[in-house]
Amino acid sequence: MTNAMTAAPARNLLIDTLRAFALIGVYMVHMFEQYEIYWAAPQQNLTHAIFTTFFMGKAFSLLTLCFGLSFFLLMDKADRRGTDFSGRFAWRMAVLALIGVAHSLVYRGDILMVLAPLGLILIPYHRASNRMILGLAAVLLAQPWLLFEIFSAATGAAWANQSPHH
């Protein structure tokens, strides 16, 4: 056996660092929230403004970005080997969902309950062309339902001109 066959594959230090920042950010947000106790009687102060501005949205967005990047890297590596990774990736999403279900018994805001089903939605698109993905993203970012509602409100539809229920 040669040394190249026994050596573990090199990890990407940048991706590992991004994951670490995302996990530390999520941890800091949870500590700030006191695991949802904060929201029983929130206090709007400088600390709240700093955490919501600099950590809350960014930590979860960075974690989601790392999730999607990992999806791409795993699928790309399997494609280069000539194997299909869809089944194994679906299994990973199922395991993540089970971990999320277990965690949601203690904490209602578990992000895995969102990421695992969304990961399953990604599977059919991993072989899609860049044009198709960009076209789909353009349609989704344009928010067709919102455009339809705006058009309906402008033409006088009663359902579209009602005040919001929130």
Side-chain angles (χ1 to χ4, degrees), residues 15 18-19 21-23 25-30 32-76 79 84-87 89-166:
I15 295 170
L18 283 175
R19 281 189 194 119
F21 273 111
L23 291 174
V26 169
Y27 177 73
M28 287 174 58
V29 167
H30 288 319
F32 169 73
E33 290 180 337
Q34 299 168 3
Y35 293 90
E36 293 188 341
I37 294 173
Y38 170 83
W39 297 109
Q43 299 171 354
Q44 303 293 328
N45 54 26
L46 181 62
T47 307
H48 178 266
I50 289 170
F51 265 84
T52 55
T53 303
F54 294 110
F55 293 106
M56 194 171 285
K58 286 143 188 82
F60 290 108
S61 297
L62 188 57
L63 185 67
T64 304
L65 176 78
C66 290
F67 180 83
L69 182 62
S70 295
F71 170 82
F72 167 75
L73 292 174
L74 292 170
M75 288 291 190
D76 188 53
D79 277 346
D84 185 28
F85 190 72
S86 300
F89 190 77
W91 171 249
R92 284 178 167 215
M93 294 303 102
V95 170
L96 279 178
L98 289 174
I99 292 169
V101 167
H103 188 232
S104 67
L105 295 174
V106 191
Y107 176 70
R108 290 181 297 149
D110 188 80
I111 190 73
L112 292 178
M113 296 299 296
V114 175
L115 293 180
L118 289 176
L120 290 174
I121 292 172
L122 290 174
I123 292 174
Y125 297 102
H126 84 277
R127 295 196 191 276
S129 70
N130 288 342
R131 277 196 170 164
M132 191 198 114
I133 297 295
L134 286 174
L136 181 65
V139 168
L140 292 176
L141 289 174
Q143 299 183 9
W145 176 254
L146 183 61
L147 294 175
F148 175 69
E149 192 171 348
I150 290 169
F151 175 75
S152 298
T155 57
W159 66 270
N161 286 310
Q162 290 178 353
S163 58
H165 300 289
H166 50 78

A.B. asks: Would you indicate whether the side-chain heavy atoms of Met93 and Leu122 approach each other to under 4.5 Å?
C.D. replies: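 SC-SC contact between Leu122 and Met93 ruled out.
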A.B. asks: Which distance, rounded to the nearest 0.5 Å, do you find between the CG of Leu62 and the CG of Leu18?
C.D. replies: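 Going from CG on Leu62 over to CG on Leu18, the span is 5.5 Å.
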A.B. asks: Ser86: what forms a side chain to side chain donor-acceptor pair (under 3.5 Å) with it, not counting sequence neighbours?
C.D. replies: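 Side chain to side chain donor-acceptor pair (under 3.5 Å) check on Ser86 returns Asp84.
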A.B. asks: Could you check whether any side-chain heavy atom of Phe67 comes within less than 4.5 Å of a side-chain heavy atom of Leu96, counting everything from C-beta outward?
C.D. replies: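 In short, these two side chains touch, coming nearer than 4.5 Å.
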A.B. asks: Is there side-chain contact between Leu73 and Ile15, with heavy atoms separated by less than 4.5 Å?
C.D. replies: yes
A.B. asks: Is any side-chain heavy atom of Val139 closer than 4.5 Å to one of Pro144?
C.D. replies: yes
A.B. asks: With sequence neighbours left out, write down each residue that passes ring-ring contact (aromatic ring centres under 6.0 Å, His included) with Phe89, or none if nothing qualifies.
C.D. replies: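 For Phe89 the ring-ring contact (aromatic ring centres under 6.0 Å, His included) partners, ignoring immediate neighbours, are Phe71.
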A.B. asks: What pair of heavy atoms forms the shortest contact from Cys66 to Arg19, and how long is it?
C.D. replies: SG-N, 3.8 Å
A.B. asks: So, the side chain of Ser104 versus the backbone of Val101: is there a donor-acceptor pair under 3.5 Å, distance only?
C.D. replies: yes
A.B. asks: How about Leu23 and Val26: do any of their side-chain heavy atoms sit closer than 4.5 Å?
C.D. replies: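 Of all side-chain heavy-atom pairs linking Val26 with Leu23, none is under 4.5 Å.
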A.B. asks: Can you tell me how far the CG atom of Leu69 sits from the CG atom of Leu74, to the nearest 0.5 Å?
C.D. replies: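 Output value for this atom pair is 9.5 Å.
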A.B. asks: Pairs under 3.5 angstrom only: tabulate donor-acceptor contacts from the side chains of residues 152-162 to other protein residues two or more places apart or in another chain.
C.D. replies:
from	atom 1	to	atom 2	distance (Å)
Ser152	OG	Phe148	O	2.9
Thr155	OG1	Phe151	O	3.1
Thr155	OG1	Ser152	O	3.0
Asn161	ND2	Ala153	O	3.4
Asn161	ND2	Ala157	O	3.0

A.B. asks: Are the side chains of Val95 and Trp91 in contact, using a 4.5 Å heavy-atom criterion?
C.D. replies: yes
A.B. asks: Within the structure provided, determine whether Met75 and Tyr125 are in side-chain contact (heavy-atom separation under 4.5 Å).
C.D. replies: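 Heavy-atom side-chain distance check fails, nothing below 4.5 Å.
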A.B. asks: Would you indicate whether Phe21, at its atom CZ, is surrounded by more than 12 heavy atoms from other residues, nucleotides or ligands within a distance under 6.0 Å?
C.D. replies: no
